[in-house]
Amino acid sequence: RIYPLMRVTLTTSDGASVTVSRQLTKHSGFIEKAITDMAVDDNAVPLSAVAVDVDDATLKLVIEWLTEHRDDALPYPEKTDEERRADDIPAWDQAFVQKWDTKEDQQQTLYAVITAADKLDIKGLLDMTCKTLANKINGKTVEEMREILQLECDFTEEELAEIRKENAWCEN
Amino acid sequence: MALNLLDLPLELLYGIFHSMDDKSLHKMREVCHITESIAETTAINRTKDSKSTDLKLEQKLNKIDVTFEFSVGLHNGWEGEWNYILPVKLFFVSVMNYLQIADVNYNSKGMSMTFTRSDTISFFNRLFPLMGKVECKSLMLLPSTLEMLSLTSKLFEGKTVHELKFLINNTNQLKLERNDVLNLIRTSGPNVATVCFERCFWRNWLIQWMHSQFLPVAMILMCSTGTMALCFGLNIIPKVYLRARTLERNFGSRTNSARKHTCTVSKERQSGTRFNVIEMRHEEMERRYW
């Protein structure tokens, strides 16, 4: 049984400490495991000490999402590949992510939250952020994709021509 | 440090790619090499459940060859003994070819064996209990293979493409457990995985064993077998054996009877008298005629 009043102190990689309700951390498989298996003292989980590199700003975003989703059912339902859809993001989550668009390093924030959700094992947040990134790519041209993902083309002309030939149906 | 897509763990990349629509997924093939291979693998997995594509996929997977190159006898200290080891190598190559375990190519630089995937698994299942750990000289895998590996092998679990590349490119002493290698073979993806073993058991175990045990034993066996074959071939043993048996049957104890017989005959010839010398004892002959 998890008591709402129980609190957990999380220490981030940049030294900041954030105390949150255990009701929120129950969504994080990593923190729950750290508390139960690793027998941390006083429910204090130093994230940097257990190879989870999450900074203060990212952790605050994670906690904001957890606060909104504190009553979500657990365990998070596993979805098959066929059930995986990018267009079923709840309205609150969409608004939550859109807030980052005002930031200059919006893409970096998204990557940081995805990484944090992965390392802290928060499946709901991970699923939502991955879908958000997929939505950003969906429907874009190849050049736009490269720009969004900040990737450089490393194909030779011949290789690119071959792939374009195979992908000709995508242009229709 | 600025992050980009490829800094994310591969499992996440697969999650992101799975959330894309078909057209965008295929367009991702044009972005760069890594996104190409992830998109291809995702597309294969996406259609895997479809029965119509099962056969194609299975056929594609069955064609995968895994090439292992064993640098037998080429490391320091063995080059001078190339000729000495030659019979061992020829023996090994012939056994491998006879058992049809692998397509073995043998040349002056060493030996390379090409296994099909199922052959390789059964082969290593038999040999790995003897090997323990394998030290890998170099591990050359194509990107899509790496991604497949990252999903199945604990060795590569949670690594990003960059980390995997670093791991693969910067280690000459990558130690692989048996299961890692088997996973590597099983999940080698739609590409060829080439693994070069340098300091594996071929040097540490098999060759040294052959060098120290096999050759002397083989030489002794060959010499003794050859001698026996020669003797029987020239009919030496049967002649000696039969002659001894005939003499024994006629005269009892071979040496004494033969000597007495010779003596008797000699004296009979000297005396010119005809006797049944075979039945006659030496003492009686002396008493009667001398």
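Note that this is a predicted model, so its numbers are computed, not measured. In what follows, chains carry the letters A, B, and so on, assigned in the order in which the sequence lines appear, proteins first and then strands, with residues in each chain numbered from 1.
- Interface summary for chain B: among A:K140, A:R146, A:Q150, the most heavy-atom pairs under 4.5 angstrom belong to A:R146.
- The contact between A:E152 and chain B is made entirely by backbone atoms, counting heavy-atom distances below 4.5 Å.
- A donor-acceptor pair under 3.5 Å is absent between the side-chain atoms of A:T129 and the main chain of A:I114, judged by distance alone.
- With a 4.5 Å cut-off on non-hydrogen atoms, A:L126 touches chain B through its side chain but not through its backbone.
- Between A:L133 and A:Y111, the shortest heavy-atom contact is CD2-CE2, 3.8 Å.
- Under a 3.5 Å cut-off, the side chain of A:H27 and the backbone N or O of A:H69 do form a donor-acceptor pair.
- With respect to chain B, the highest number of heavy-atom pairs below 4.5 Å among A:T141, A:I137, A:L110 belongs to A:I137.
- When the side-chain hydrogen bond (donor to acceptor under 3.5 Å, both in side chains) test is applied to A:Q94, no partner is found at least two apart in sequence or on another chain.
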